[in-house]
Amino acid sequence: MPAKTQPARGMRDFLPADLRKREYVIRVIKETYERYGFEPLETPAVENIETLLGKYGEEGNQLIFKILKRGEHERTGEADLALRYDLTVPLARVVAEYGERLPKFFKRYQIQPVWRADRPARGRFREFYQCDVDVAGTRSPVVEAELCAAATDALTALGFTNFTIRLNHRQVLAGVLDAAGVAADKHADALVALDKLDKIGREGVARELAGRGIRPESGEELLGFFENLPALEHAAEFVAGDGGGTEVSKAEAYNRAALGRLVEFVGDNESGARGVDELRRIVEYAAACGAADRIKIDPSLARGLSYYTGAIMEISVPDLAGSLGGGGRYDNLVGMFSGKDIPACGFSLGLERIIVVMTERGMFPENLERAAADVLVTVWDEESVRDSLAFAAGLRREAPALRVDVYPDADKLGKQLKYASSRGVPFVVVIGEDERARGEVALKDMASGGQETVARAHAAAILSERLYGNKS
RNA sequence: GCGGCUAUAGCUCAGUCGGUUAGAGCGCCUGACUGUGGAUUAGGAGGCCGUGGGUUCGAGCCCCACUAGCCGCCCCA
């Protein structure tokens with residue numbers, strides 16, 4: 001049987017056209033993060049397994065790719081290493097490890113692959129890139145606001161217009177559930193069920209809540225709260241339209257209304273009230289950053305990772321069931337490594353999902369698909385190979401912007417032109433016996449089919465002018 | 001992890017009721033073409049029909065298992 005040549009399940013090869021797109025998206029995101037004062041970080045693909053275990057919740061633990069011990073221990077099936085599952089935990093480890101050597105506020109971005117032993121699906125792979133930005137060292141909601149602004153800028157620069165950053169808060173969630181009388185150990189169950197409200201409807205959620213052992217009175221109370229949230233949209237529209245001189249967008253009006261509703265429902269639940277207050281400040285600060293219209297407070301947002309302690313956010317677009325990215329505040333994660341409580345908050349954009357949506361909507365710039373070379377230098381026969389190589393080297397030296405390819409075989413000229421044509425190379429250089437004798441080359445413009453004979457010494461300048469219009 | 005669909009040439013796909021040498025379009029290669037691509041035209045190569053088993057006189061087609069992919073659920077970036 002021939003060896004399997006497909007990549008391992010859920011993993012992908014990236015051919016040149018794929019990589020052009022990926023590099024473009026990464027470049028835009030990186031430039032955006034840099035403009036907010038974030039610095040780059042890379043960490044190893046592999047972490048000690050105890051670094052990862054117990055950080056992501058039960059589900060996460062099972063999806064970690066583990067690496068068996070090597071050598072004589074291999075038989076035991078015991079793992080001591082694992083592929084990183086996200087970029088947040090490695091950051092927390094780095095912050096714990098380098099402590100005082102890092103700036104007081106450590107703002108870093110990190111764009112690297114992570115691995116999850118998940119089942120592959122649309123926009124979901126076992127190896128995929130995350131584009132993380134995080135700030136360690138402060139509890140200020142300025143961070144949340146700036147992260148939302150940076151993510152907004154990055155997506156806008158890529159051409160997205162219809163995304164929403166859903167915003168919620170772990171303590172607010174807890175407060176709401178407490179207020180409804182859901183026992184602390186049932187919080188997670190309640191959230192899973194409530195998350196499906198827009199999919200399976202009120203009846204379905206009520207059934208699921210009951211099935212998960214939540215008291216009907218509590219369920220009813222929660223449903224009453226969540227069900228009425230959409231109504232706030234209409235109210236918000238009314239308020240926004242009614243402006244009367246004050247500049248209030250629909251999104252802002254909605255957020256204010258939602259905050260008001262949360263205050264009412266949470267009541268005197270202390271941590272819940274504090275959480276609502278934090279949300280209010282995040283929204284205000286985000287407004288100052290110019291990102292307020294993207295943010296929508298969504299009290300039903302939960303997120304799976306267990307390390308979040310405060311604000312949580314997630315980016316949605318209508319095209320995709322999942323999210324384009326997400327993040328939140330994790331004030332205790334660094335402490336799990338060093339014992340020192342260093343607060344942190346971060347955000348992650350999912351490269352693969354962004355690319356899925358951009359590909360489907362045709363959002364990539366056209367020049368990404370341009371040919372790999374600007375000029376193909378053909379070879380006349382075996383004897384003239386050196387001459388063609390030398391001429392190509394001269395072109396590269398005289399016009400560094402020119403991308404020059406040399407045809408490697410002494411094939412018939414027609415075949416060489418056909419190759420240039422199929423590769424989309426715009427210019428071809430032909431050096432036949434006549435041209436060589438006269439110290440000239442023939443310059444063929446593949447688009448027009450036209451051809452001119454020029455002195456070798458002028459070829460670089462003429463090509464530059466034809467391609468870039470600069471008459472240097 | 002659960003349910004459904006799919007697997008035939010490099011690509012997209014046809015293949016009748018189970019019947020002999022498995023087809024098309026596109027792509028690729030060669031020629032017509034003299035020192036020149038695209039267009040036209042004449043040829044050509046290329047398939048253990050996903051893998052393994054079973055039913056049958058006979059399997060691309062029917063049955064089972066496995067593998068991989070796609071869609072939904074769950075979960076997630």
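Worth saying up front: this structure is predicted, and the values here are computed from it rather than measured. In what follows, chains are A, B, ... by sequence order, proteins preceding strands, each numbered from 1. FYI, side chains are in, hydrogens and waters are out, and symmetry mates aren't considered; it's all heavy atoms of this structure.
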When the [atom1] atoms of [N] and [M] are considered, how many whole Å apart are they?
N	M	atom1	result
B:A77	B:A39	C1'	48 Å
B:G19	B:C29	P	37 Å
B:A7	B:C49	C1'	10 Å
B:C13	B:G47	C1'	14 Å
B:A22	B:A59	P	14 Å

Just the rounded figure in Å: distance from [atom2] of [N] to [atom1] of [X].
X	N	atom1	atom2	result
A:Lys418	B:C28	NZ	P	6 Å
A:Asp411	B:U36	CG	C1'	14 Å
A:Gln416	B:G35	CD	C1'	11 Å
A:Glu435	B:G35	CD	C1'	8 Å
A:Leu413	B:G38	CG	P	12 Å
A:Glu433	B:U34	CD	C1'	15 Å
A:Asn61	B:C76	CG	P	14 Å
A:Glu383	B:G35	CD	P	19 Å

(message) Return the pairing partner of B:C66 with a 3.5 Å limit on both distances, Watson-Crick or G-U wobble; otherwise return none.
(response) B:G50

(request) State the pairing partner of B:G25; accept Watson-Crick or G-U wobble contacts with both distances under 3.5 Å, and report none otherwise. (result) B:C11

(request) Could you tell me whether A:Arg207 atom CZ has more than 12 heavy atoms of other residues or ligands within 6.0 Å of it? (result) no

(request) Mind checking A:Leu63 for me? I need base, sugar-phosphate or nothing, with any heavy atom below 4.0 Å counting as a touch. (result) nothing

(message) Over all strands shown, is A:Tyr129 touching base, sugar-phosphate only, or nothing at heavy-atom distances under 4.0 angstrom?
(response) nothing

Give a yes or no on whether a salt bridge exists between [X] and [Y], defined as a side-chain N under 4.0 angstrom from a carboxylate O.
X	Y	result
A:Arg126	A:Asp118	no
A:Arg35	A:Glu31	no
A:Asp331	A:Arg329	yes
A:Glu352	A:Arg12	yes

(message) Does B:U30 have OP1 or OP2 under 4.0 Å away from a side-chain N or O of A:Lys415?
(response) yes

(message) Quick check on B:C76: is either OP1 or OP2 less than 4.0 Å from any side-chain nitrogen or oxygen of A:Arg116?
(response) no

(request) Compare the aromatic ring of A:Tyr419 with the six-membered base ring of B:G37 and state whether they stack according to the 5.5 Å and 30° rule. (result) no

(request) Hey, can you tell me if A:Phe163 and A:Phe160 have their rings parallel, tilted or perpendicular (30° and 60° cut-offs)? (result) perpendicular

(message) By nearest heavy atom, map A:Ser448 and A:Gln130 onto RNA chain B; which one lands nearer the 5' end?
(response) A:Ser448

(request) Specify the residue among A:Pro120 and A:Arg353 whose closest nucleotide of RNA chain B lies further upstream toward the 5′ end. (result) A:Pro120

